[in-house]
2 protein chains.
Amino acid sequence: MNREDERPLYLRVADQLRERIRSGELQEGDRLPSVPGLAADLGISRSTASEALKVLISEGLAVARSGSGTFVRLPREPQRLIRAWYRATPYGSPFMQDMHRQGREAGWSYESKTVQASPEIRDRLGLTESTGDAEDVVRTDYVFLADGEPVMLSTSWEPLVVTRGTPIVLPEDGMLAGRGVAERMLSIGMPIDDWVEEVAARLGTAEECERLRRAAGSIMVTIKRTYYSADTQVETADIVVPADRFTLVYSGKMGCVPEQ
Amino acid sequence: MNREDERPLYLRVADQLRERIRSGELQEGDRLPSVPGLAADLGISRSTASEALKVLISEGLAVARSGSGTFVRLPREPQRLIRAWYRATPYGSPFMQDMHRQGREAGWSYESKTVQASPEIRDRLGLTESTGDAEDVVRTDYVFLADGEPVMLSTSWEPLVVTRGTPIVLPEDGMLAGRGVAERMLSIGMPIDDWVEEVAARLGTAEECERLRRAAGSIMVTIKRTYYSADTQVETADIVVPADRFTLVYSGKMGCVPEQ
DNA sequence: TCGAATTTGTGCGTATGTATC
DNA sequence: GGATACATACGCACAAATTCG
C-alpha cells in the first residue's frame with residue numbers, strides 16, 4: 001500500500017482531493033466523495049477517509065452537511081474593506097459604501113442595550129470616574145449582511161456621558177439611523193478627529209463561526225477600534241470578520257483627505 | 001453514562017479541561033492528563049479522550065509533543081506593531097523603534113538579489129513597460145529578530161527604474177543601511193508621501209512556521225505594503241508576522257503628523 | 001549505550017444516532 | 001419508510017518520539 005510512507009495516509013488522500021479541486025475537476029458546490037465511497041474506492045478504512053475530509057474542511061475548502069454529503073466550497077476572492085475614520089457618503093456607513101461599490105446588497109441587524117461597561121471597555125473609553133453600579137454605556141451588537149449573508153460582527157460601546165440627553169442615544173434610532181457613528185457624533189457637536197484600530201487574528205469561537213456561517217475553527221480577523229473627538233473617546237467597538245472573506249485596506253492618505 | 005447528551009462527550013470533556021486551565025489549576029507549561037490517563041479516569045475510550053485534547057490544541061490552548069505529553073500553552077500578550085508610513089527616529093526603521101520602545105533587543109538579517117519581477121509584483125509596482133527578460137527589481141528577504149528570536153518575515157521589492165545608478169540600489173548597503181525605506185528614498189529625492197497596506201490572515205506555510213519557530217499551522221497576519229512617492233510606487237513588500245505575537249496598530253493621525 | 005515504559009499519532013474495525021433525500 | 005450520509009463513540013494495534021533508570 002505505502003511505497004513511501006513519509007507522510008500519513010490521510011494527508012496523502014487529502015492532497016489528492018485538494019488537487020482535484022485545484023485542477024477544476026471538482027467545482028464550487030460539487031459533492032466530494034462520501035466517506036464510505038472514498039474508503040471503498042481507495043481501499044482504506046472509513047475512519048481514514050473521514051480524517052482526510054476533515055483536513056479539507058479545516059482548510060475551509062469544503063463543508064460537511066450531515067446526512068447530505070461534503071461539498072466543495074472555494075474561498076472567494078476576499079473583498080476589500082477600506083478602513084477609514086470618516087467618509088460621508090450617500091450610502092451611509094463605511095461598510096455600506098464598500099459593499100455598494102462592490103455591487104453587493106448590504107444590510108444589517110442590531111440590538112441595543114444600556115449596560116454597565118466591563119473594566120476593559122471602561123479603560124478603552126477612558127471612563128475614570130466611578131459610577132457605582134449604574135449603567136454607563138449603550139452597547140449595540142450588529143450583524144452586517146452582504147447579499148443577505150452574515151459577513152461581519154461588531155459590538156459597539158458608546159459612553160452615556162457623551163450621548164445622554166441627545167437625540168442619538170440609541171445608535172439605530174431616529175433620523176440618523178444607519179448613517180454611521182461619525183455622522184451621528186458630528187450631529188451633537190462631537191466631530192471625530194482621530195481613531196485607533198488594533199488589528200489581530202485568531203481562531204473564531206464556536207459562536208462566531210456559527211453566526212458567520214463558517215466552519216468551526218475558521219480564522220477571524222479582529223479589530224478593536226476607538227473613535228476620538230478632541231481627545232475624548234466617543235465610541236469603541238470590537239469587530240470580527242472572517243479572514244477568508246475580507247482584506248483590510250489601510251492607507252496613508254485617508255487620515256488627511258476624507259473621500260467625498 | 002449520559003444523563004444529558006445535549007453536547008457530544010468529547011466536547012464536554014474538553015470543556016472540563018478548559019475550565020481547569022481557566023481556573024489556574026493547570027498553568028503554562030503544565031502537562032495535561034495523557035490520553036490513556038484521561039480515558040481511565042473518566043471511564044471513556046482513548047479515542048474520545050484524544051478527540052477532547054485535539055479540541056484544546058485546535059483552540060491554541062495546548063500543544064502536543066509526541067512521546068512526551070500534551071502541555072498547556074497560554075497565549076502571551078501580543079506585542080504592538082505601530083504601522084506608520086514614515087517615522088524618522090534615532091533607532092532606524094519603524095520595527096527597530098517599536099522593539100526599542102518595548103525594551104527588546106532588535107536585529108535583522110537579509111539577503112538582496114537583483115531579479116525579474118513576477119506579474120503580481122510588476123502590477124503592484126506599476127511597472128507597465130515591458131523590459132523583456134531583463135532584471136527589473138531588487139528583491140530583499142528580511143528576517144527580523146527580537147531578543148535574538150525571529151519574529152517577522154518581510155520580502156521587499158524595489159524597482160530598478162527608481163534606484164538604478166543611485167547609492168541606495170542595495171537596501172542594506174552604504175551609509176543608510178538599516179535606516180528604513182523612507183529615509184533611503186528621501187535621500188534620492190523621492191520622499192514617500194503615501195502608503196497602502198492590505199492586511200489579511202491565513203495559516204502559515206510550513207516554511208514560514210519553521211523560519212518563525214512556530215508550530216505548523218500557526219496563524220499568520222500578512223501585510224501587502226506599497227510605498228508611493230508622488231504617485232509613483234517606489235517599494236512594495238510582503239510582510240508575515242505570527243498572529244499570536246503581534247497586534248497591528250493603525251491610527252488616524254499618523255498619516256498627517258509623523259512622529260519625531 | 002541500552003532498553004523499558006509512556007505518550008502521541010496513525011490506521012483499522014465496528015456500532016449507533018440523526019439528518020437528509 | 002428506506003437508503004444514504006455524516007457525527008460520535010467504542011474497541012484494538014502498531015509506529016515513532018520521548019523519558020528515565
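In what follows, chains are A, B, ... by sequence order, proteins preceding strands, each numbered from 1.
Direction change of the helix axis from one end of the helix from C:dC2-D:dG21 to C:dC21-D:dG2 to the other is 10°, with five pairs defining each end axis (rounded to 10°).
A straight line from CG of B:D41 to P of C:dT7 spans 11 Å, rounded to a whole angstrom. The distance between atom CG of A:L38 and atom C1' of D:dT4, rounded to the nearest whole Å, is 15 Å. One can place CZ of B:R7 at 17 Å from P of C:dT18, the figure rounded to the nearest angstrom. Following rounding to the nearest Å, B:R46 (CZ) and D:dA13 (C1') show an atom-to-atom distance of 9 Å. C:dC12 atom P lies 11 Å from atom CD of A:E51, rounded to whole Å.
Judged by distance alone, with hydrogens and angles left aside, the side-chain atoms of B:Q27 form a donor-acceptor pair with the main-chain N or O of B:G24 at under 3.5 Å. Between the A:E235 side chain and the A:Y227 main chain, no donor and acceptor come within less than 3.5 Å of each other. The main-chain N or O of A:T155 is never found under 3.5 Å from a side-chain atom of A:R139 such that the two would form a donor-acceptor pair.
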Show the distances under 3.5 angstrom between N or O atoms of the protein and N or O atoms of nucleotides 6-8 of chain D.
from  : atom 1 : to    : atom 2 : distance (Å)
D:dC6 : OP1    : A:T70 : OG1    : 3.2
D:dC6 : OP2    : A:V35 : N      : 2.9
D:dT8 : OP1    : B:Y10 : OH     : 3.3
D:dT8 : OP2    : B:Y10 : OH     : 3.1

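Look at A:R31 and you'll find a side-chain N or O under 4.0 angstrom from OP1 or OP2 of D:dA5.
Rounding to the nearest 0.5 angstrom, the gap separating the OG atom in B:S156 from the CZ atom in B:R225 is 7.0 Å. Between atom CD1 of residue B:I44 and atom CG of residue B:L9 there is a gap of 5.5 Å, rounded to the nearest 0.5 Å. To the nearest 0.5 angstrom, A:K113 atom NZ is 10.5 Å from A:T140 atom OG1.
At a threshold of 4.5 Å between non-hydrogen side-chain atoms, the residues A:D136 and A:Q116 count as touching.
Out of C:dG13, C:dG11, D:dA9, the shortest distance to the side chain of A:T48 is found at C:dG11.
Note: B:Y110 and B:Y142 have tilted aromatic rings, judged against thresholds of 30 and 60 degrees for the angle between ring planes.
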